[in-house]
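Inspection log for the structure reproduced underneath, given as structure tokens.
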Amino acid sequence: QGNLVESGGDSVASGQSLRLSCDVSLYMGTPAFNTYSMGWFRQTPGKEREGVAVITSEGFADYAAFVRGRFTISHDRFRGTVNLQMNNLIPDDTGTYYCAIQPKLRLTTIQALGVAKSSKVFGIWGQGTQVTVSS
């Protein structure tokens, strides 16, 4: 499935917050990962996997419209993690959340597709962590 490991998923009520984390330390500092992009994606039964948030090695971030203003993606190079702070959760946020990383991927490429449709340009994935938001 991939070499990344996500954590932080849980079952919460509407309006609450969660913080997801993904360990990408294996790839930090390697020649192929001088430049890269990372992202968080989600999938729920009956829907295609959709992009939620992305961030580049330069620190530029972008979000799908349905989470903008509620979620924040960040990258901690020292700890080797990419994180997703999820605030004001709603039931539609329910799903399996995956992190991904792709070397040499630029933000312009992601934005040309749209963040929500960008999963196909990411190649290294985690197993997913479940987020459930009740009404």
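All heavy atoms count here, side chains included; hydrogens, waters and symmetry mates do not.
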> Should Asn87 and Gln85 count as side-chain neighbours, where that means a heavy-atom distance under 4.5 Å?
Replying inline: yes
>> I want to check something: taking the side chain as every heavy atom from C-beta on, are Met86 and Tyr97 in contact at a cut-off of under 4.5 Å?
In response: yes
>> Could you check whether any side-chain heavy atom of Val121 comes within less than 4.5 Å of a side-chain heavy atom of Arg106, counting everything from C-beta outward?
In response: no
> Between atom CD1 of Ile110 and atom OG of Ser119, what is the distance when rounded to the nearest 0.5 Å?
Replying inline: 11.0 Å
> Does Gln102 reach the main-chain N or O of Ser37 with its side chain, forming a donor-acceptor pair under 3.5 Å?
Replying inline: no
>> Tell me whether Thr81 contacts the main-chain N or O of Asn83 through its side chain, where contact means a donor paired with an acceptor under 3.5 Å.
In response: no
>> Between Asp23 and Leu4, is there a side-chain heavy-atom distance shorter than 4.5 Å?
In response: no
> Between CZ of Phe122 and CG of Leu105, what distance do you get to the nearest 0.5 Å?
Replying inline: 5.0 Å
>> Suppose the criterion is ring-ring contact (aromatic ring centres under 6.0 Å, His included): which pairs have a residue in residues 42-76, not counting sequence neighbours?
In response: Tyr36-His75
> Taking it one step at a time, do Tyr27 and Asn3 satisfy side-chain contact (heavy atoms from CB on, under 4.5 Å)?
Replying inline: CA-CA 10 Å; Tyr27 303 96; Asn3 297 312; 2.9 Å; yes
>> I want to check something: taking the side chain as every heavy atom from C-beta on, are Phe78 and Met28 in contact at a cut-off of under 4.5 Å?
In response: no
>> Please find the pair of heavy atoms, one from Leu20 and one from Gly9, that lie closest to each other, and give the distance.
In response: CD2-N, 3.6 Å
> For Val54 and Trp40, what are the C-alpha separation, side-chain angles and deciding distance, and is it a side-chain contact (heavy atoms from CB on, under 4.5 Å)?
Replying inline: CA-CA 6 Å; Val54 297; Trp40 283 96; over 6 Å; no
Would you list the atom pairs, donor with acceptor, under 3.5 Å between side chains in residues 88-95 and any protein atom, with sequence neighbours excluded?
| residue | atom | partner | partner atom | Å |
| --- | --- | --- | --- | --- |
| Asp93 | OD1 | Arg42 | NH1 | 2.8 |
| Asp93 | OD1 | Arg70 | NH2 | 3.1 |
| Asp93 | OD2 | Arg70 | NH1 | 2.7 |
| Asp93 | OD2 | Ile90 | N | 2.9 |
| Thr94 | OG1 | Pro91 | O | 2.9 |
| Thr94 | OG1 | Val133 | N | 2.9 |
| Thr94 | OG1 | Val133 | O | 3.4 |

> Looking at CD of Gln16 and CG of Leu18, how far apart are the two atoms once the value is rounded to the nearest 0.5 Å?
Replying inline: 8.0 Å
>> Determine whether the aromatic ring centres of residues Tyr98 and Phe41 are separated by less than 6.0 angstrom.
In response: no
> Would Ile55 and Val82 count as a side-chain contact (heavy atoms from CB on, under 4.5 Å) if you check the C-alpha gap in whole Å, the side-chain angles of each, and the deciding distance to 0.1 Å?
Replying inline: CA-CA 9 Å; Ile55 189 166; Val82 57; 4.2 Å; yes
>> Would you compute the distance between atom SG of Cys22 and atom CD of Glu6 and round it to the nearest 0.5 angstrom?
In response: 5.0 Å
>> Can you list everything that forms a side chain to side chain donor-acceptor pair (under 3.5 Å) with Asp76? Sequence neighbours excluded, please.
In response: Arg79
> Can you tell me how far OG1 of Thr108 sits from CG of Leu113, rounded to the nearest 0.5 angstrom?
Replying inline: 10.0 Å
> Would you say Gln43's side chain and Glu50's backbone share a donor-acceptor pair under 3.5 angstrom?
Replying inline: no
>> Rounded at 0.5 Å granularity, tell me how far CD1 in Ile124 sits from CE in Met38.
In response: 11.5 Å
> Just wondering, do Gln127 and Val5 contact through their side chains at under 4.5 Å, heavy atoms?
Replying inline: yes
>> Quick one, Thr129 and Thr96 - any side-chain contact, counting heavy atoms below 4.5 Å?
In response: no
>> Quick one: does any side-chain atom of Ser14 pair with a main-chain N or O of Ser134 as donor and acceptor, under 3.5 Å?
In response: yes
> Do Leu107 and Asp62 pass the side-chain contact (heavy atoms from CB on, under 4.5 Å) test, and can you show the C-alpha distance, the side-chain angles, and the key distance before you say yes or no?
Replying inline: CA-CA 8 Å; Leu107 184 61; Asp62 201 6; 4.2 Å; yes
